[in-house]
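Residue numbers run from 1 in the order of the sequence given.
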Amino acid sequence: MDDIKNLNEQELVYEINKLAKKENLSQEELVLQKILRNEYISRVKKNLKSHLDNIKPQNT
């Protein structure tokens, strides 16, 4: 697999789903699955924070 940091979000989701469908994951695959999920969550949080930071409060 490519370096995880070089995967785009769609590729990350694909790799996560591929491991999720597989039965009897090895210890290495379980660790990889956790790393992929954490990377995806980190990116989503960063993206969300960026969007929220760009929202300007409205004067009411």
Could you state the interatomic distance from [atom1] ([X]) to [atom2] ([Y]), rounded to the nearest 0.5 Å?
{"X": "Asn38", "Y": "Ile4", "atom1": "CG", "atom2": "CD1", "value": "10.0 Å"}
{"X": "Tyr14", "Y": "Leu19", "atom1": "OH", "atom2": "CG", "value": "10.0 Å"}
{"X": "Lys45", "Y": "Ser50", "atom1": "NZ", "atom2": "OG", "value": "15.5 Å"}
{"X": "Arg43", "Y": "Lys46", "atom1": "CZ", "atom2": "NZ", "value": "9.0 Å"}
{"X": "Leu12", "Y": "Ser42", "atom1": "CG", "atom2": "OG", "value": "10.0 Å"}
{"X": "Glu15", "Y": "Ile35", "atom1": "CD", "atom2": "CD1", "value": "13.0 Å"}

- Residues forming a side-chain contact (heavy atoms from CB on, under 4.5 Å) with Asn8, sequence neighbours excluded: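 Expected list: Gln10, Glu11.
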- side-chain contact (heavy atoms from CB on, under 4.5 Å) involving Val13 - partner list, sequence neighbours excluded: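 Listed in chain order: Asn17, Tyr40.
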- Query: Quick one: hydrophobic cluster around Leu48, which other residues, with the 4.5 Å side-chain cut-off, linked directly or via members?
  - Reply: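 Members alongside Leu48: Leu52, Ile55.
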- Message: I'd like to check the side-chain hydrogen bond (donor to acceptor under 3.5 Å, both in side chains) partners of Gln33; sequence neighbours left out, ordered by chain and number.
- Response: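 With neighbours one apart ignored, the set is empty.
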- Query: In chain order, what residues pass the side-chain hydrogen bond (donor to acceptor under 3.5 Å, both in side chains) check against Asp53, with sequence neighbours excluded?
  - Reply: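 So Asp53 forms a side-chain hydrogen bond (donor to acceptor under 3.5 Å, both in side chains) with Lys49.
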- Message: With salt bridge (charged side-chain N to carboxylate O under 4.0 Å, His left out) as the rule and sequence neighbours excluded, what pairs involving residues 27-38 come up?
- Response: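 For residues 27-38, and leaving out neighbouring residues, the salt bridge (charged side-chain N to carboxylate O under 4.0 Å, His left out) pairs sorted by first residue read Lys22-Glu29.
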